Structure formats: structure tokens, C-alpha cells
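Presented below is the structure to which this report refers.
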Amino acid sequence: MYPPKFDYYRADSVDEAVALMGQHGGKFIAGGHSLLPVMKMRLADPGVLIDIGRIDGLRGITRSGNSFRIGALTTHATVAAYDDRHFPDALKHAAGMIGDPQVRNRGTVGGNVAHADPASDLPTVFLALGATFHIAGANGARSVHAANFFTGLFETALAENEVLTAVEVPAEGIENGSAYAKLFNPASRYAMVGACANITVSLTGECTACSVAVGGLTPKATAAPSVGAALVGKQLTDDNIAAAAALVLNDLGGDVMGDIHASAEYRRQMAPVFVGRALTLAGHRAGWVARLQKNVKDVAGDVLEEIERRLRK
Amino acid sequence: MGNYKGKSMKRVEDPRFIQGKGRYVANLSIPGMVHVAIKRSPYAHATINSVDTAAAAALPGVVAVYTGSDFSNVGGLPCGFTPPGIKTPAHPVVAVSKVRHVGDPVAVVVAENAYIAHDAVDLIEVDYTPLPAIVDAKGAMDTGAPLVHDDVPDNCSFHWPLGDKDATAQAIASADHVVEMELINQRLIPNAMEPRACVAQWDSFMENMTVWTTSQNPHTIRLLLGAFTLQIPEHKLRVISPDVGGGFGSKIFHYAEEVIVPWVARAVNRPAKWVSTRSEASITDAHGRDHVTHAKLGLKKDGTITGLYVTTWANMGAYLSTFAPLIPTALYITLLSGLYKIPVIFGETYGTMTNTVPVDAYRGAGRPEASYVLERLLDIAAQDLKMDPVELRRKNLIPPNEFPYQTPVALQYDSGNYPALFDKIEQLADYKGMRKEQEKARKDGRLVGVGFSSCIEASGPAPSAVAVGLGAGIGLFESGVIRVHPTGKVTVLTGSHAHGQGHETTFAQIVADELGVPMEDVEIIHGDTERTPYGVGTYGSRSAAIGGSALVKSAEKIRHKLTLLAAHLLEADPADIVYDQNSGKVHVKGAPDRAKAFGELSFALTTADKLPPGMEAGLEETSFYDPANFTFPNSAHVAQVEIDRDTGEVTIQKYAAVDDVGKVINPLIVEGQIVGGIVQGVGQALWEHGVYDENGQLLTATMLDYAMPRADRFPTIQVDRNETPSPHNPLGVKGAGEMGTIAGTTTIVSAVMDALAPLGIRHLEMPLTAEKIHNAIKAATSNGGGN
Ligand SMILES: Cc1cc2nc3c(=O)[nH]c(=O)nc-3n(C[C@H](O)[C@H](O)[C@H](O)COP(=O)(O)OP(=O)(O)OC[C@H]3O[C@@H](n4cnc5c(N)ncnc54)[C@H](O)[C@@H]3O)c2cc1C
């Protein structure tokens with residue numbers, strides 16, 4: 001596979017990247033795992049590549065106060081292996097479900113969200129987690145909330161000459177649980193349906209906050225407020241979860257996508273299934289206090305392990 | 001030393017491959033080499049009005065641009081299997097007036113590097129008038145279907161019947177029960193790990209052409225290049241297939257690029273290279289399968305089969321690829337008897353032309369299609385007759401005392417013990433236990449299925465006289481040379497070709513044992529027409545049975561010569577000489593110290609001063625082995641699957657396989673072939689599908705859309721053997737390369753359909769995708785069917 005001709009510049013800092021872009025135009029390249037395939041298939045011909053992949057300050061995950069800051073160049077593999085009990089489980093596990101080890105070792109969080117492929121996993125997760133996107137450009141820095149970052153099919157709030165520097169997600173408290181569930185495309189392993197649930201559970205086992213997003217089936221990651229609204233104030237029983245999950249259909253909009261692997265209709269039908277799975281898993285992860293008080297015997301082995309992991313600090 | 005056969009020797013080629021030291025065609029770089037890229041049709045069917053190459057030719061770094069008319073001095077790509085009455089449409093190397101499938105070559109760019117070549121391809125303007133396209137194997141013969149070739153009426157290239165039609169129709173008409181169904185064996189895209197590639201070098205002084213190509217059979221390619229396409233005399237042509245990264249059949253055939261690249265090398269008088277991209281491979285490598293079949297199976301109430309009637313429409317694609325018509329005929333209908341006694345069988349195939357990539361042999365080639373038809377019918381018959389599917393099959397097995405067994409569809413099976421095979425798999429898989437578990441699971445509302453299938457393969461296509469009689473253009477023997485050097489080291493030249501099968505190990509085990517020398521002293525050379533004698537190559541699981549046997553024959557000649565020589569040197573009667581194959585020592589019977597070592601004897605043939613009268617110096621023997629029959633490996637596989645009721649996704653929980661591949665030379669390699677084959681077969685059952693839309697656009701032309709099997713979808717596969725040696729070759733081996741692929745598909749389909757049977761779902765077409773299963777479950781449960 002042979003991409004069309006392009007000029008190549010390497011930036012050593014964000015400022016330089018922005019300046020190079022102003023001067024030459026073209027596209028930023030990070031891990032290259034979304035951009036190079038489309039160039040090789042000659043579906044993209046940017047003419048100029050500005051390599052931001054070696055800007056050190058953009059790499060790695062740091063905890064600051066009540067949130068984690070994930071540098072744009074952090075690889076999926078780093079996220080998947082990140083070990084901090086307050087780091088959102090949904091994000092960690094979703095990163096581990098991306099592609100294969102090669103893709104996870106090269107692909108970056110920033111590239112994933114900047115590319116905004118509708119079948120990507122991370123946009124859905126960041127939307128449910130209420131992430132904040134930090135952006136640098138010629139006119140300085142700005143921050144955009146997830147709800148406003150993903151604007152359409154392969155479209156984001158990023159301007160052509162802006163660099164995404166980091167994504168910030170809230171740390172998970174002991175009362176929070178998050179999970180991501182995915183229906184894999186059998187060929188590409190991208191999401192045909194991806195669902196992320198981020199919930200808070202009270203000591204009495206009642207859901208006090210619930211944010212759900214879905215992706216894979218809609219042109220961009222889509223929030224499902226109907227699900228949250230139905231679940232807040234309720235116990236996380238199987239029936240309550242199923243009833244709430246079914247409401248995701250109200251939030252999908254008119255543009256559900258289908259292809260040879262899964263029709264739009266099938267994906268619609270799968271949305272409640274995967275939202276339900278994400279909610280259940282998130283409930284297991286968050287609801288330990290309530291379960292512990294009620295009946296230890298009810299608690300499944302993996303939940304016990306989880307509890308121990310969290311108590312060990 | 002000695003007794004290598006039967007041992008799991010580690011593959012001697014692996015250190016080279018694992019360390020990235022393999023020498024593939026794409027690695028080859030010759031000073032002054034130009035790069036070739038090909039402009040291909042984006043339409044499935046269109047008239048070419050004009051091709052404007054001016055902009056491409058003007059791009060700096062472009063050496064030349066050629067269109068179809070420039071290739072008027074080369075012959076079209078030939079078809080090597082032409083049964084009587086077949087219509088073989090012309091297959092130009094580069095399209096001239098019409099394109100007939102997406103990917104058909106229309107122009108050739110030659111440039112200083114591959115990047116420029118691909119840029120120039122984008123600059124070529126072709127003016128097409130699109131024509132209506134046809135992609136469906138059966139629909140191609142409908143009245144009013146667009147004609148792919150004017151000289152192939154009804155798009156029907158051939159009709160191939162076999163068996164007693166009237167008697168079979170009669171048997172079905174008078175059967176107690178008839179299972180009748182339409183089955184689709186979907187199109188597959190081979191996807192060998194290494195894409196095809198070709199490099200050519202023209203020696204303008206000697207007028208010799210050397211072609212490096214990713215082929216499973218370099219001699220066949222040389223023959224076709226010499227006699228049909230390039231028409232350079234065969235003795236001035238050298239074809240080399242160095243390390244090749246998998247073929248699965250797709251690298252048997254003679255492709256346009258193998259003509260274009262040497263043609264370019266001569267035209268520009270510089271070495272030339274073309275390497276397929278993965279996307280290009282999807283629209284140019286021959287595809288596999290693609291059958292529509294109508295089948296009827298007649299049975300008595302007690303499950304005894306009375307007759308089988310099969311009509312198949314086999315999609316040949318836009319042109320007849322090298323062996324295409326052979327696959328759905330002589331390798332398909334002849335296998336419809338399976339392991340069973342079926343009194344009468346009639347099978348017929350219509351080979352149809354469509355606006356798709358040509359279809360040819362793909363791992364299993366005809367035999368998986370046959371097995372699929374038969375095994376699906378048997379599963380449904382068992383359901384209808386309320387019998388256990390294994391019991392129904394057992395009832396119809398050919399008994400062990402009836403070998404050799406003549407089927408009603410031409411083949412004579414050599415050997416086998418099918419009841420023992422069934423006993424073994426039932427035990428290995430704990431079939432009865434699985435059924436009990438399934439019953440429990442069903443009570444809990446879980447969709448658990450147990451699948452069973454057996455299969456037969458005719459492997460090692462042979463003998464030549466029969467093959468040629470059926471329409472093959474070449475014989476199906478194999479060559480083997482053993483060259484012993486003065487110091488007793490051994491070079492083996494084989495006409496077989498290895499592209500993943502491990503011949504460098506297996507063949508060395510054979511020769512080392514036959515001669516009694518250490519394996520390290522034996523080197524296997526293959527894949528170069530200038531080094532090895534004319535050979536037929538590797539496909540149809542033929543290498544060990546035929547190529548291996550040729551080496552046994554040559555080793556016999558070597559031993560004979562050394563026995564005579566030793567007798568002379570030891571002053572004994574040749575009848576009193578013993579050749580000890582454990583040590584390579586040749587000694588007088590009863591006097592092991594009156595001996596000559598292998599190396600001593602080979603050296604004596606070099607000094608050549610003390611040879612017996614009439615004996616020639618040197619130690620090299622050649623054999624061309626042409627077996628008396630195919631070999632008939634057979635197998636029985638069992639799998640357990642569970643279906644996710646919410647999504648329709650299938651999880652394979654257990655898989656067990658018992659295969660009879662005759663004697664085993666290297667169990668490690670055979671197990672690898674079986675397991676790899678199973679995985680590939682399951683790929684067809686659950687995921688793989690080459691999908692064309694009605695306009696002839698290939699929707700699965702990249703890995704984003706063509707779903708391959710992945711390791712994480714499989715449990716550990718248990719394998720065992722049921723060894724019945726083949727009586728036809730001196731090694732007693734049968735083919736091992738394709739069994740897994742054949743049985744893997746049918747076993748998993750059987751398991752999935754078994755899981756769905758309580759819902760009243762009778763049949764779903766492959767691949768059994770989550771959505772297809774989900775929709776079927778939904779339809780079945782909303783109809784109130786099932787439980
Ligand atoms: C085989 C394969 C399988 C995959 N499977 C999955 C999957 O299952 N799920 C999934 O979610 N993804 C999947 N991916 C996509 C993968 O996650 C993305 O390719 C990767 O995350 C993109 O990151 P990158 O660094 O490679 O981006 P690049 O390819 O370098 O860039 C992608 C785009 O983002 C822009 N960009 C990159 N970084 C920045 C930045 N910091 N600021 C502004 N713009 C930027 C680039 O200009 C470009 O337009 C798969 C990819 C492959 C090749």
C-alpha cells in the first residue's frame with residue numbers, strides 16, 4: 001500500500017506544531033493508526049504531515065486533585081494497563097478492547113478522539129464519563145466538555161490548526177462504578193455497538209446518578225439521558241436496569257447506521273442489550289457497599305475481588 | 001540416528017522464518033529494477049472507450065505506460081482443465097475492449113519506484129460505458145441476465161453430470177422420506193499471509209528470462225508461460241518460487257501479473273517487480289467456493305440412505321482460472337458419497353460466468369462443498385426421523401470389510417475403518433456426556449448445541465492417466481532426486497513446493513530414514529525450475545503421498561546401488577548384504593563388522609577406481625512417482641457451541657477431532673495442519689464471506705470488512721488419530737492438509753443448527769453471523785414456535 005506523496009515535519013513542542021501547521025497546513029500525525037490506513041488506501045491526501053508523536057509533554061497519565069489527566073499521546077496500551085483504583089474502569093477496559101496489541105501499542109488516545117470514527121470506543125466512554133478536552137491553538141489554550149467535543153461523523157470541536165493536548169476525566173470514588181460493553185465487529189473489532197455506563201450508588205443500593213452513552217451505531221458518540229433519568233432514585237435490580245436500558249432507543253436519533261456486518265435495525269435492537277450489560281457491570285463495581293451490608297453471600301467472586309482490591313488501597 | 005519418521009521433529013525452517021530471515025519475492029531487489037503498478041477496473045462490467053495515459057506517462061520517474069493493445073504478442077491466460085463441451089472464454093492478460101470484474105487490469109505503469117508507479121496509476125483516465133452486471137452463480141443462467149462473454153450463451157461454461165440420473169430420481173421418488181433443500185456455500189477470499197508478488201529479469205545476451213513468483217508450482221507456471229502466455233521457449237525460462245508465505249490454493253494459478261512483469265522486464269530491458277497490496281489481493285487472487293445447490297436425499301424410515309440427487313451452480317467468476325472447472329466437478333461430485341454406502345447418486349454442476357473475481361481451488365477445493373451438502377442433509381434427516389445424528393450416520397457407514405469400496409460416483413476408496421473412527425471420536429469428545437449436558441442446559445433455557453460431522457477427502461490427485469482422461473491438461477506425478485555428495489552429505493531436489501507445510505523437515509525425515517543418515521546431513525531444495533526436475537507442485541494434499549513417495553523410490557535405487565557396491569568391496573554375494581537403515585552401514589549378513597559406512601561408499605563412487613563391472617560413478621537417483629489412486633483420508637469431528645440469546649453470538653465451547661491421515665511422518669506438523677485447517681473451516685461457518693453487491697462491487701475488499709478467524713474465538717482443539725495406512729504409496733500416508741478445513745465448517749454449522757433446533761429453526765446459510773441467528777431466534781419465538 002502506497003500513500004500519495006507528502007512533506008513531513010516533526011514538531012518538538014505544541015507551540016512548534018501549531019506554528020508548523022499555520023505555515024504549511026496539512027495534518028497532524030500521532031500514532032498514525034487511523035491516518036496512515038486512509039492515506040494508503042488513497043482516501044486521504046493531506047500533502048503535509050506534521051508529526052507530534054515525539055512531544056514528550058503530551059505523554060502519560062497524571063492524577064491532579066479529583067481527576068486524571070491523560071496526555072493526548074498516551075497509548076491505548078498504557079491506559080489499559082494503568083493501575084490506580086480511582087481510575088475509571090470503563091476507560092481502562094475500553095482501551096483494552098481496542099484492536100489488537102499492535103494497535104494498542106501505537107494508537108493514541110488523542111488520535112482516537114480527534115479522528116472521531118463513529119465505530120471508535122473512546123468517544124463513547126469519554127462522553128459518559130463527562131471528560132474535558134484540553135486544546136492548544138494559535139490563540140492559546142481552551143477546554144471543551146465532551147458533550148460539545150464530538151460534533152459529527154469524523155468531526156470534532158478541534159480546528160484544523162489546533163492540537164489536543166490532554167483529556168481529563170473525573171476520578172472514581174468508592175460510590176462510583178463505570179463499565180463499557182461492546183458488540184465487536186467480527187472483521188475489524190471496532191464497535192458495532194458500544195455502551196458506557198457511569199453510575200453512582202448510595203449506601204442503600206440506590207442509583208443516585210447515572211450517565212450513559214452509546215457509540216458504534218450513531219454517526220457520533222451519543223448520550224442517552226433517558227436511561228439515566230429512569231434509573232436515578234431506583235435500586236439496581238435486573239428489572240429496573242432492563243427497563244431503563246430499553247429507553248436508550250429514545251435517544252438514538254434518526255441516523256442509526258448499518259452495514260453488511262450488522263444492519264441498522266439489528267444495532268438498534270442491540271443497544272438496550274449492551275446498555276443493560278454496561279449498567280449491570282457498573283452496578284457490580286459501584287454497589288459493593290450496599291451488597292456488603294445486605295448479604296455477603298450474594299456477592300459474586302469477582303465483586304469480592306474488586307472489593308478487596310479497593311480496600312487494600 | 002534413524003527412526004525420524006513418526007517423531008515430532010521441530011521444523012528446520014522455523015528459525016529462519018521466526019527470525020525474519022525468510023527470502024520472499026517481495027524481499028528481492030535487483031540493481032536497476034523498475035516497479036510495476038496496475039490500473040484496475042472500478043466497474044464490474046463495462047466497455048472501455050478510451051484509456052488516456054498521457055498524464056501518467058508525463059509524471060517524472062515514470063518509465064513506460066502500457067495498455068491492453070500493447071500486449072497483443074502474448075497469449076491469453078489458459079484454463080488447464082477442459083472437460084468435453086466446455087466453453088472457455090478468452091482471458092486477456094490486460095483488458096482491451098471490455099472489463100468483466102472489479103480488479104480487471106486495464107493499464108500497466110512502469111516507474112522508478114512503487115510510489116511513483118501508484119501515483120501514475122491515479123493519473124490514468126479511462127473512459128468506460130458501464131454495463132449491467134451479474135454476480136449470482138444461479139441467477140447468471142436466468143433469461144435476460146447480462147452476458148459476461150458473448151461466446152458463452154446463458155453464461156454457462158459447462159454442464160458436468162455424473163452418476164445414474166434415472167435410477168437416482170427413481171430411488172428418491174420411492175423413498176420413505178426425502179430431505180430436499182437449497183444450500184449456499186458462500187464465496188471466500190483466501191488471504192494467505194504473504195500477498196502475491198513477481199520479479200523478473202531478462203538477460204538480453206542469452207535471451208533467458210528468470211521469473212521469481214509466489215507460486216505453489218513453479219514448473220506449471222513455467223510451462224504455461226512458455227507454451228501459452230509469454231511464449232518464451234521453456235528452456236530459456238527459469239521460474240523460482242522462493243519462500244512463500246501461504247497459498248491455500250490461491251497461489252496455484254497462473255495470474256496476469258506473472259505475464260505482465262516479465263513482459264515489462266523484456267520491454268524496458270530492466271529487472272521489474274510487482275507486489276500486490278492487500279486490497280489488490282482481494283480483487284485479483286482467485287476466490288473460493290461460491291456454490292448454490294439443490295439437493296435431495298432419499299431415506300428409508302429406519303434411516304438407511306437410498307439415494308442422493310444434487311444439482312449445483314458453481315460460480316466461475318469472470319474468466320476460467322487455471323483449474324477452476326476441475327473443482328466443482330471431478331473434485332466435488334465424486335465426493336458426494338462421503339463415508340456412506342449410498343446405492344445411487346446423481347450429481348451435476350453448471351459452471352457459470354459472472355462479473356466477479358474468478359473462483360478456483362481454495363483449501364479443500366470441492367471436497368468441503370461436497371461434505372457440506374451431504375452432512376447438512378444427514379443432520380436434517382436425523383431431525384426429521386427423530387434419530388441421533390451419529391446413529392443415523394453409523395447406520396450408513398461403509399463397513400471395514402468392504403474395502404476397496406467402489407462408490408457410485410467414480411472413486412474407489414482404498415482403506416478406512418469408519419466405525420472405529422466413530423468410536424474414537426465419541427470417546428475423545430465424550431459425545432454422550434455432551435448430550436446429557438446439553439439436555440440440562442436446554443432445561444435452563446440455554447441454547448447449547450452439539451455438532452457432529454464426518455468427512456472423506458480424495459487427496460493427492462492421481463493417477464495421471466485418470467486425471468488427464470477427465471480433462472486435466474497435465475499429469476499428476478511428482479519428481480524426487482537424491483544427490484549424495486562424495487562425503488555422504490545429501491541434497492534432495494523435489495518437485496513439490498513448500499509454502500508453510502514444512503517439507504524441509506518432513507522430507508528430510510523420510511530421506512534420512514531411508515538412507516540411514518542424520519537428518520542434519522540432508523537438505524531439501526525446492527521451488528526452482530533450474531535446480532529441480534520437472535515437478536507438479538503442491539496442492540490437493542499431495543506432497544507427502546506423491547512427492548514423499550518419489551523420494552522413497554529414489555532412496556531404494558540408492559540403497560540398491562550401494563548394496564551392489566558393498567558386495568563388491570566386501571567380496572560377498574549381494575544377496576548376503578544387509579543395508580542397515582538405522583546406521584547407514586552396509587554389511588555382510590551375520591557379520592556386522594564386515595561393513596562399509598554410507599560415507600565410505602559414496603566416496604568410493606567418487607574415486608571410482610574399485611567399482612564393480614558395469615557400475616557408473618557418482619551417486620544420484622531420480623524418480624517420477626505416479627500413484628495408482630488418490631488416498632482417502634477421513635475424519636470425524638465434534639463440537640459444542642453456545643448461542644447468546646440476546647445477541648445471537650456463537651461461542652465455541654469444545655472441539656474434538658479424530659482424523660485418519662494414514663501413517664504420520666511428523667505428528668507435530670500434522671497436528672498443526674489439522675488445527676489450522678479446522679480454524680480456517682470454522683472461519684467459513686461463522687465469519688468469512690466475500691460479499692458482492694448487485695452491481696458487482698466487492699463490499700469486503702479490505703480487512704476492515706472481511707472477517708477472518710481469530711485465536712481468541714477458539715477453545716483448545718483436541719486432536720487424535722485413527723491410523724489406517726494407505727495401501728497405495730510406500731509411506732502409507734494420506735493427505736493431511738485439508739481435512740480440518742472440510743470438517744471444521746460442517747461441524748460448527750451442525751452445532752449451531754443443533755442449538756437452534758428446539759426453536760424449530762431448520763437451516764440458516766453460512767456465515768452464521770450474530771445478526772442472522774438473532775433474527776432467526778426472534779422470528780421463531782415470536783411465531784410461538786419452539787420452547
Ligand atoms: C487494525 C486496527 C484496529 C483498530 N481497532 C479499533 C477499535 O477496536 N476501537 C477503536 O476505538 N479504535 C480502533 N482502531 C483505531 C485506533 O484506536 C486509532 O487509530 C488510534 O487511536 C488513533 O490514534 P493515532 O495516534 O494512531 O492517530 P493518527 O492516525 O496519528 O491520527 C488520527 C487523526 O487524528 C489527528 N490527531 C492525532 N493526534 C492529534 C492531536 N493530539 N491533536 C489534534 N489532532 C490529532 C490526526 O491529524 C488524524 O487526523 C483501530 C485501528 C487499527 C489500525
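Note that the structure is predicted; figures quoted are calculated from it, not measured.
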Salt-bridge test for [X] and [Y]: reply yes if a basic N is under 4.0 Å from a carboxylate O, no otherwise.
X	Y	answer
A:Lys182	A:Asp121	yes
A:Glu155	A:Lys220	no
B:Arg40	B:Glu257	yes

Check each atom of [X] against the heavy atoms of chain B and say whether the ones under 4.5 Å are side chain, backbone, both or neither.
X	answer
A:Arg267	neither
A:Glu265	neither
A:Pro37	neither
A:Met41	side chain

Counting only heavy atoms closer than 4.5 Å, note whether [X] contacts chain A via side chain, backbone, both or neither.
X	value
B:Glu280	neither
B:His118	both
B:Tyr706	backbone
B:Asp693	neither
B:Thr769	neither
B:Ala37	neither

> Who pairs with A:Asp251 by salt bridge (Lys or Arg N to Asp or Glu O under 4.0 Å), at least two apart in sequence or on another chain?
Replying inline: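 Result, salt bridge (Lys or Arg N to Asp or Glu O under 4.0 Å) vs A:Asp251: none returned.
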
>> Can you list everything that forms a salt bridge (Lys or Arg N to Asp or Glu O under 4.0 Å) with A:Arg277? Sequence neighbours excluded, please.
In response: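 In terms of salt bridge (Lys or Arg N to Asp or Glu O under 4.0 Å), with neighbours along the sequence ignored, A:Arg277 is linked to B:Asp644, B:Asp646.
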
>> Using the side chain to side chain contact (heavy atoms under 4.5 Å, CB included) definition, which of the options B:Ile643, B:Leu447, B:Ile761, B:Leu764 pairs with B:Val752?
In response: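 In the set B:Ile643, B:Leu447, B:Ile761, B:Leu764, the residue that makes a side chain to side chain contact (heavy atoms under 4.5 Å, CB included) with B:Val752 is B:Ile643.
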
> Do A:Asn198 and A:Ser211 have a side chain donor and acceptor closer than 3.5 Å?
Replying inline: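 Not at all, the side chains of A:Asn198 and A:Ser211 share no donor-acceptor pair under 3.5 Å.
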
>> Looking only at heavy atoms and a cut-off of under 4.5 Å, which of A:Pro272, A:Ala262, A:Ser263 has the most pairs with chain B?
In response: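 Between A:Pro272, A:Ala262, A:Ser263, the count favours A:Ser263.
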
> Based on non-hydrogen pairs under 4.5 Å, which of A:Arg189, A:Met192, A:Lys5 is most in contact with chain B?
Replying inline: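 The option with the most such pairs is A:Arg189.
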
> What pairs with B:Arg187 under side-chain hydrogen bond (donor to acceptor under 3.5 Å, both in side chains), at least two apart in sequence or on another chain?
Replying inline: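 With neighbours one apart ignored, the set is B:His287, B:Asp290, B:Thr356.
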
> Among residues 698-705 of chain B, which residues come closer than 4.5 Å to chain A, judged by heavy atom distances?
Replying inline: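 Against chain A, the residues of residues 698-705 of chain B that fall inside the cut-off (heavy atoms, under 4.5 Å) are B:Leu699, B:Thr700, B:Thr702, B:Met703, B:Leu704, B:Asp705.
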
> Do A:Ile199 and A:Leu279 pass the side chain to side chain contact (heavy atoms under 4.5 Å, CB included) test, and can you show the C-alpha distance, the side-chain angles, and the key distance before you say yes or no?
Replying inline: CA-CA 8 Å; A:Ile199 62 176; A:Leu279 283 169; 4.0 Å; yes

